[in-house]
Amino acid sequence: MLGARVVDRIGKGLRSGPRDALLADAAPRGEVGRAFGLQRSMDHLGAALGPLAAAGLLAAGAPLRATFAAAALIGLGAPLLLALKLR
């Protein structure tokens, strides 16, 4: 369990710096705080709605494999959407 937490924290540390740099670079001057606030709020919204959606699928009788597949498709959809919409 401790090893998993250590790996999780290392992964978060590797993601946070580049994400913050990209966000700060992409935001218009004077709007950086708003951009970071939006990113943080969307992160929290996803953290709240994701488990609720999974619980809803399971409560509706969806098999566990289908629930994981739905989560994977949503997770893969985000980078695809970014790739198609970024300047």
Side-chain angles (χ1 to χ4, degrees):
M1 187 65 151
L2 177 64
R5 283 188 152 193
V6 168
V7 170
D8 176 58
R9 294 291 100 192
I10 290 172
K12 184 173 182 169
L14 291 174
R15 285 189 315 268
S16 297
R19 181 202 60 220
D20 292 349
L22 285 169
L23 190 57
D25 188 49
R29 180 168 253 160
E31 297 289 323
V32 175
R34 183 175 289 179
F36 275 96
L38 178 64
Q39 186 276 329
R40 182 90 167 180
S41 65
M42 292 295 105
D43 185 45
H44 283 95
L45 182 65
L49 292 182
L52 288 175
L57 284 171
L58 291 172
L64 192 59
R65 188 175 297 266
T67 303
F68 276 108
L73 288 173
I74 291 169
L76 292 172
L80 180 64
L81 181 65
L82 285 174
L84 294 174
K85 294 292 181 181
L86 282 180
R87 295 180 245 157

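Throughout, residue positions are numbered sequentially from 1 according to the sequence presented.
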Can you name the nearest heavy-atom pair linking Leu57 to Ala70, along with the distance? CD1-CB, 4.0 Å
Euclidean distance, Leu80 CG relative to Lys85 NZ, rounded to 0.5 Å: 11.0 Å
Gln39 side, atom CD; His44 side, atom NE2 - distance, nearest 0.5 Å: 9.5 Å
Decide if atom CZ of Phe68 counts as having more than 12 heavy atoms of other residues, nucleotides or ligands within a radius under 6.0 Å. no
Grab the two heavy atoms, one from Leu58 and one from Ala62, that are nearest each other, plus how far apart they are. CD2-O, 3.6 Å
Does Leu38 share a hydrophobic cluster with Phe36, counting links as ILVMFWY side-chain heavy atoms below 4.5 Å and allowing steps through other members? no
Is Leu52 reachable from Leu45 through a run of hydrophobic residues whose side-chain heavy atoms are each under 4.5 Å from the next? yes
Is Arg19 close to Ser16 at the side-chain level, that is, under 4.5 Å between some pair of heavy atoms? yes
When every non-hydrogen atom of Pro51 is compared with those of Gly46, the smallest separation belongs to CD-O, 4.2 Å
Can you get from Leu81 to Leu73 by hopping between Ile, Leu, Val, Met, Phe, Trp and Tyr side chains that sit under 4.5 Å apart? no
